[in-house]
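Heads up, the thing below is written out as structure tokens.
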Amino acid sequence: MRKPSPNIPARSRLARALVAAAVFINGVAFTAPAQAQQNSVPVVRDAEIEALVRDYARPIFKAAGIANGGVNIILVNDQRFNAFVAGRRMFINTGALLQSETPNEIIGVIAHEAGHIAGGHQERLREQLARAQTMAIVAGLLGVGATIAGAATKSGGLAQAGSGIALGATEMARRGLLGYQRTEEATADRSALEYLEATGQSAKGMLTTFARFASALSLSGTKVDPYQVSHPMPRDRIANLQTLAQRSPHFDKKDPEGLQIRHDMMRAKIAVYTQGQAAASRLLRKDPRGLAMMYGDAIATYLYGNPKSALQKADALIKAHPKNPYFRELRGDILIKANKPAEAAQAYASAVKLDPAKSGILQVAYGQALLAIGKPDAVQKAVTEIRKGLDRDRENISAYRYLAQAYGQLGEVGEAELAAAEGYFYSGVYHDAKVFAARAQQKLKRGSPAWVRAQDIINYKAPGKKK
Ligand SMILES: [Zn+2]
């Protein structure tokens, strides 16, 4: 995970990440203004977790007939349980991953969400989310920061969504989010059972998750999971689901062992990053000497302990599993922290080579290490690697900062300003994006691809805004 800062509420952690997105060009610093910090989804980027969740979703989406191209996984740094899909984006709270003991529990939730998509439920909200180009707009649509518990009491829901045009997008989205009807839930459940059946998986995990929500005391408590609010779970629904699920010959089928290990490693990672090492130990009590525990320990040592010891632990993991790209990534992270960018670059290069998911995140980390080396040829290579990473992943906001720095060091000011403009653009700070795009154009060759992209940013009209 990028930007480790444990034990800090999501909002301030995000604020930090954005403040860190200051870019220096020609000695002038510019930072994302407060507006962007308030409006953004607290997104966590992590190559390992994104790849795993994508592996969970792929067969289900195929069975649902909604697998057109790749699915973008957006990990939301929030301890509460939530998961939903819009367009090609799947939003999933780290809390949902942490609370799910098996891959099957999350796969069941994904199957249910796929059922909502296939059924065309909440079409309007989904369309808006799918169209929203930047996380800042997505945050507005989702009403991030809105008190879900408070909103639950006035769940006029879909009945009032018809007058939604008169309402702000945020308010409409909030009502929409609360609005799955009972008939829609039943439809999504049946579809989910179909997809699980078609992929030879059990519906037990879905049942486990939903039964847990159904038995929760009430929605009036302090910790309300948004998922529970948007998906009503009356007991008769769970009973019905149970009857149907048990009919499947796959009901008692377990997740493949390799998948469970990856799941455990992911949970250990999230636990250590968000709650410290003790949380990982509690989580993996059953398997204290297992790989996930070793991994959690190595990450905890990297975050809170001394680099030398962390490096030894990472190397032990690499020795045991030389083909795991994320152990190499951890080695790179440790070496960056120890101020050894050249060695870190080597570790990230191996991670990129070994990564079957071809994550742009690892590639940008590689570029970042090359940039830290500081020699002109390394900086030139950094530009290449970061651009490759961005080709795969255009919304990687911090990558634009590194790209701007690299171009700045190479004296390519026009390209540096365009990279800064892109960073602002994907942060939803359109005014500043346009200012930097205009500056970039003065230095770029008229009609060149970079000049044209700058023009696109200048011409961009944010949805719902008159800027
Ligand atoms: Zn539902």
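Side chains are part of it too, since the values below use all heavy atoms of this structure and drop only hydrogens, waters and symmetry mates. Count residues from 1 along the sequence. Because the structure is predicted, anything quoted here is derived from the model rather than measured. Order of listing sets the numbers, starting from 1, for every ligand and every atom in it.
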- Query: For Tyr400, is the NZ or CZ atom of Arg394 found under 6.0 angstrom from the centre of its six-membered ring and inside 45 degrees of the ring axis?
  - Reply: no

- Message: With rounding to 10 degrees, what does the angle His116:NE2 / the Zn ion (ligand 1) / Glu185:OE1 come to?
- Response: 110°

- Message: Need the atom name: nearest N/O/S atom of His112 to the Zn ion (ligand 1).
- Response: NE2

- Item | Lys NZ or Arg CZ of Lys434 over Tyr460 ring: under 6.0 Å, within 45° | no

- Task: Pick out which of Asp46, Ile107, Leu97 makes a side-chain contact (heavy atoms from CB on, under 4.5 Å) with Val53.
- Result: Leu97

- Item | Polar contact flag, side-chain donor to acceptor under 3.5 angstrom, Tyr366-Glu329 | no

- Heteroatom N/O/S of Asp189 within less than 2.8 Å of the Zn ion (ligand 1): no

